[in-house]
Amino acid sequence: MYLLGYDIGTSSVKAALVDIKSGQTVASAQYPDKEAPIIARQPGWAEQEPEMWWEELKQATQRVAAKVGGSLASVMAIGISYQMHGLVCVDKQGKPLRPSIIWCDGRAVPYGNAAFNAIGAERCLSHLLNSPGNFTAAKLAWVKDNEPEIFDEIDKIMLPGDYIAMRLSGGAKQTTVSGLSEGMFWDFKEDRVSRDVMDYFGFSDNLIADIVPTFAVQCTVCEAVAAELGLPAGTPISYRGGDQPNNALSLNVMQPGEVAATAGTSGVVYGVLGEVNYDPQSRVNTFAHVNHKLSARPSGTLDHSRTLNSKLTTRLGVLLCINGTGIMNSWMRRNVAEPPKEGVWKGMTYMEMNELAALAPIGCAGLSILPFGNGAERMLCNREVGASIHGINFNVHSRAHLLRAAQEGIVFSFAYGMEVMTQMGMDLKTIKAGHANMFLSPIFRNTLASVTGATIELCKTDGAVGAAKGAGIGAGIYHDSDEAFKTLKRIDIIKPDLLNRQAYLEAYERWTSCLSNFLKH
């Protein structure tokens with residue numbers, strides 16, 4: 001018996017098949033092999049066709065089925081993870097009226113800023129826990145203002161995962177409280193769809209899809225889709241979550257003080273908060289986590305009183321995003337690690353870079369690097385400060401120092417943002433991460449553990465696997481997340497280096513001083 005998880009990403013759709021009894025992944029696949037296209041009709045715009053996600057899902061499903069003999073007849077439940085903040089507008093027949101305006105599209109910033117000023121900063125932050133910013137509600141406001149003929153035809157608005165669930169079910173138009181919160185539609189003080197946002201933008205309540213629990217039998221696979229995909233008709237779709245909350249779920253990060261982190265091109269620290277709170281400067285985003293009490297109302301066959309204790313607990317996800325993360329390390333690889341010789345760059349592997357960087361001491365003999373060279377940083381109040389090198393001494397510093405200082409600077413930016421989370425009441429004790437990207441570097445993970453004082457657990461998992469196990473929770477197959485993820489494989493545990501911690505903290509203090517001085521100008 002299997003659980004099927006989908007991860008609807010920007011570059012591809014991934015599918016994973018998990019054996020219910022063993023908890024192990026028996027097959028996984030993605031489609032396409034190369035990155036899916038993004039439509040950019042103007043600078044700063046980014047759109048994708050929802051129908052493209054559906055076609056990718058069908059191909060990924062075929063690939064997974066082929067790996068288990070061609071049959072998915074034993075799938076018991078389906079879960080969906082998806083790229084956050086995308087706007088999907090459908091008509092009464094469920095047909096998309098326009099391409100989805102996805103997460104990285106920046107056209108709606110003026111609409112969010114105007115709403116923030118009109119509604120009021122304190123009210124926005126205390127009720128929405130965020131600025132309306134460039135999220136889904138602001139994107140819908142852009143459509144209303146610029147494409148009124150399309151806006152008038154909208155029956156429901158949905159997120160990418162909601163659209164996929166609708167296609168699988170043959171027409172169920174649903175969303176979740178967690179999804180509404182990521183779109184800036186949810187009022188946490190009133191525990192309902194935000195009247196402030198709806199009234200300011202002039203949105204009808206009828207645009208909001210039916211609200212269903214995050215973990216529950218939300219809808220089922222219809223006969224036509226079942227025949228097309230080779231799934232049993234009536235298979236429950238029992239979980240959906242945005243990619244960052246779902247990444248936390250896939251690492252079993254569910255309780256206050258626990259943190260999930262990723263460090264790819266950009267970096268994300270996603271921590272769980274046990275009370276409603278916000279950052280007065282809006283340097284981080286706060287959403288309803290997948291096990292937030294409002295996301296799991298008693299419904300269907302699932303007894304939510306014993307699942308995640310979600311009826312009784314506040315669980316919010318505080319999201320810190322740092323744009324200049326792995327891209328900084330990649331820049332160092334291309335331009336510093338092994339420069340071109342006679343116009344030809346042979347390249348140094350990241351493992352070789354780590355070995356070279358390890359020759360430099362902790363703190364890099366006074367060298368500090370600010371890694372903010374990939375656009376404006378919300379953590380720095382949306383300032384675009386760029387990347388910079390501080391304290392370089394031509395008689396002391398080498399490539400090894402530069403490579404290590406880059407990694408330390410990235411870690412220090414994580415720690416700096418995590419201080420905001422601490423100020424919000426989070427007790428950061430454990431950081432869980434997939435064994436990938438910059439977490440493959442001993443320098444990166446040892447520095448992060450030692451500076452923050454947190455223990456790092458590296459695990460083998462991904463978003464599609466997390467969605468599959470989320471489906472098992474929602475369908476009542478697993479008692480709770482602890483049971484679902486009891487087979488989560490820990491690859492390594494990194495504890496703070498107490499012997500050298502003072503050296504790490506001194507390097508961090510010097511880095512924060514550089515940043516403070518830089519921000520004054």
Side-chain angles (χ1 to χ4, degrees), residues 1-7 9 14-30 60 63-64 67-68 74-81 215 239 241 243-255 257-264 267-272 289-291 308 326 350-351 354 428-446 448-449 452 454-475 477-496:
M1 298 297 181
Y2 300 133
L3 298 167
L4 177 60
Y6 291 115
D7 186 4
K14 299 177 182 178
L17 207 59
V18 173
D19 181 87
I20 290 174
K21 186 174 182 180
S22 69
Q24 300 301 311
T25 304
V26 297
S28 62
Q30 71 177 50
R63 290 184 173 187
V64 163
K67 292 183 177 183
V68 291
S74 297
V75 170
M76 302 298 292
I78 296 172
I80 302 167
S81 169
F215 295 98
Y239 165 78
D243 51 12
Q244 291 304 327
N246 180 75
N247 178 62
L249 170 69
S250 70
L251 292 162
N252 198 22
V253 169
M254 306 293 277
Q255 303 304 326
E258 295 180 335
V259 175
T262 60
V268 170
V269 180
Y270 183 97
V272 181
H289 192 29
V290 292
N291 60 337
L308 305 177
Y350 285 113
M351 183 177 294
N354 294 335
L428 306 178
K429 298 177 180 177
T430 303
I431 300 172
K432 296 184 181 180
H435 190 237
N437 300 316
M438 292 205 68
F439 279 96
L440 296 172
S441 166
I443 291 174
F444 181 86
R445 59 201 191 211
N446 290 340
L448 183 60
T452 63
T455 297
I456 298 174
E457 297 182 4
L458 298 182
C459 304
K460 184 178 180 180
T461 188
D462 63 35
V465 172
K469 293 194 173 185
I473 298 169
I477 294 169
Y478 296 130
H479 181 82
D480 54 21
S481 64
D482 289 336
E483 181 180 354
F485 293 96
K486 66 182 179 182
T487 57
L488 181 64
K489 184 177 180 181
R490 291 188 181 89
I491 297 173
D492 201 358
I493 296 177
I494 299 93
K495 294 183 178 296

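Bear in mind the structure is a predicted one, so any value in this text is a computation, not a measurement.
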Closest non-hydrogen atoms of A15 and L4, given as atom of the first, atom of the second and distance, are CB-CD1, 4.5 Å
When you look at NZ of K14, are more than 12 heavy atoms from neighbouring residues, nucleotides or ligands closer to it than 6.0 Å? no
F485 meets the ring-ring contact (aromatic ring centres under 6.0 Å, His included) criterion, sequence neighbours left out, with none
Shortest non-hydrogen pair, L448 vs T452, comes out as O-OG1, 2.7 Å
First locate atom CD1 of I493, then atom NZ of K432, and finally report the distance between them rounded to the nearest 0.5 Å. 10.0 Å
Can you tell me how the ring of F439 sits relative to the ring of F444, calling it parallel under 30°, perpendicular over 60° and tilted otherwise? perpendicular
In a check of side chain to side chain contact (heavy atoms under 4.5 Å, CB included) between L3 and each of L17, V465, I477, V75, which one passes? I477
Which atom pair, heavy atoms only, marks the closest approach of S81 to A467? N-CB, 3.9 Å
Atom pair CG (D462) and OG (S28), whose distance is rounded to the nearest 0.5 Å: 6.5 Å
How close do A464 and A16 get, heavy atom to heavy atom, and via which atoms? CB-CB, 3.7 Å
Taking only residues two or more places apart in sequence or in another chain, which ones pass side chain to side chain contact (heavy atoms under 4.5 Å, CB included) with A484? K469, I473, Y478
Do the non-hydrogen side-chain atoms of D492 and H435 ever get within less than 4.5 Å of each other? no
Minimum heavy-atom separation for A261 and A433, please, with both atom names. O-CB, 3.4 Å
Rounding to 0.5 Å, atoms CD (E258) and CD (E457) come to a distance of 8.5 Å
Work out which heavy atom in A248 is nearest to a heavy atom in A260; give both atom names and the distance. CA-CB, 3.8 Å
Spacing of T430 atom OG1 and N252 atom CG [to the nearest 0.5 Å]: 11.5 Å
To the nearest 0.5 Å, what is the distance between CG on L251 and CZ on R490? 10.5 Å
Backbone N or O of M254 within a donor-acceptor pair of the N291 side chain at under 3.5 Å? yes
Of all residues at least two apart in sequence or in a different chain, which pass the ring-ring contact (aromatic ring centres under 6.0 Å, His included) check with Y239? F215
Residues forming a side chain to side chain contact (heavy atoms under 4.5 Å, CB included) with S250, sequence neighbours excluded: N247, T461
For K429, salt bridge (Lys or Arg N to Asp or Glu O under 4.0 Å) partners two or more places apart: D427
Please round to the nearest 0.5 Å and tell me the distance separating atom CD of Q30 and atom CZ of R63. 8.0 Å
Not counting sequence neighbours, which residues clear side chain to side chain contact (heavy atoms under 4.5 Å, CB included) with D19? List them please. Y2, K21, S22, V26
